[in-house]
Amino acid sequence: MEIKKTQDGSKLNVALVGRLDTTTAPELESSLKDDIGSLTELVFDFSALEYISSAGLRVLLSSQKTMNKQGSMKITNANETIRDIFDVTGFSDILTIE
């Protein structure tokens, strides 16, 4: 998985390329840890994300809980497969998905 981060003040855009799974979720979690404390807006761009596992969902849930206290988080450009995973797991009710 490749993580492409672009920060504009207190807004962070995170574009993910590849698969967010048990192997790559810790990398994303570590990458976000340094930045998330100063953010008011976190945007994930999933246009190039092919797959997400429960480990990836856990990182998103953790990020959402943090951002609920200090701002907003949304997911953009999720493909149909990713959207189906969000629907089946109930994450579509928890996350803001555009």
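Scope of the values below: all heavy atoms of this structure, side chains included, with no hydrogens, waters or symmetry mates. Here the structure is a predicted model, which means the values were calculated and not measured.
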Exercise. How about Phe44 and Leu49: do any of their side-chain heavy atoms sit closer than 4.5 Å?
Worked result: no

Seminar exercise, completed: Note: Ser72 and Met67 closest approach over all heavy atoms is O-CE, 3.4 Å

Exercise. Which residue pairs satisfy the salt bridge (Lys or Arg N to Asp or Glu O under 4.0 Å) criterion with at least one member in residues 19-36, sequence neighbours excluded?
Worked result: Lys5-Asp35, Arg19-Asp21, Glu29-Arg58

Problem set entry | Rounded distance (nearest 0.5 Å) linking atom CD of Gln7 with atom OG of Ser38 | 5.5 Å

Side-chain donor-acceptor pairs under 3.5 Å in residues 91-98, sequence neighbours left out?
unit_1: Ser92; atom_1: OG; unit_2: Asp87; atom_2: OD1; d: 3.0
unit_1: Glu98; atom_1: OE1; unit_2: Lys74; atom_2: NZ; d: 3.4

Exercise. So if you build clusters from Ile, Leu, Val, Met, Phe, Trp, Tyr with side-chain heavy-atom gaps below 4.5 Å, do Val43 and Val59 land together?
Worked result: no

For this session: Please name the pair of heavy atoms, one in Lys4 and one in Glu2, separated by the smallest distance, quoted to 0.1 Å.
Result: CE-OE2, 3.0 Å

For this session: Using modelled atom types only, decide if a donor and an acceptor are shared between the side chain of Gln70 and the backbone of Leu39 within a distance under 3.5 Å.
Result: yes

For this session: Side-chain contact test, heavy atoms from C-beta onward, threshold under 4.5 Å: evaluate it for Val14 versus Leu28 and give yes or no.
Result: yes

Exercise. For the residue pair Phe46 and Ala78, what are the closest heavy atoms and their distance?
Worked result: CB-CA, 3.9 Å

For this session: Check whether Leu61 and Tyr51 end up in the same hydrophobic cluster, where Ile, Leu, Val, Met, Phe, Trp and Tyr are linked by side-chain heavy atoms less than 4.5 Å apart.
Result: no

For this session: Kindly compute the distance separating CG (Asn13) from CD (Glu41), expressed to the nearest 0.5 Å.
Result: 7.5 Å

Seminar exercise, completed: Sorted by chain and number, sequence neighbours left out, side chain to side chain contact (heavy atoms under 4.5 Å, CB included) with Ala48 holds for Val17

Problem set entry | Listed partners of Thr40 passing side-chain hydrogen bond (donor to acceptor under 3.5 Å, both in side chains), at least two apart | Ser10

For this session: Identify, with sequence neighbours excluded, every residue that meets side chain to side chain contact (heavy atoms under 4.5 Å, CB included) alongside Ser47.
Result: Asp45, Asn77

Exercise. Can you check whether Leu57 reaches Ile85 side chain to side chain, under 4.5 Å on heavy atoms?
Worked result: yes

Exercise. How close do Ala25 and Gly56 get, heavy atom to heavy atom, and via which atoms?
Worked result: CB-N, 4.0 Å

Exercise. Looking at side-chain heavy atoms only, is the closest gap between Thr24 and Leu16 below 4.5 Å?
Worked result: no

Problem set entry | Any side-chain heavy-atom pair of Leu32 and Leu12 under 4.5 Å | yes

Problem set entry | Pairs flagged by salt bridge (Lys or Arg N to Asp or Glu O under 4.0 Å) wherever residues 46-57 is involved - sequence neighbours left out | none

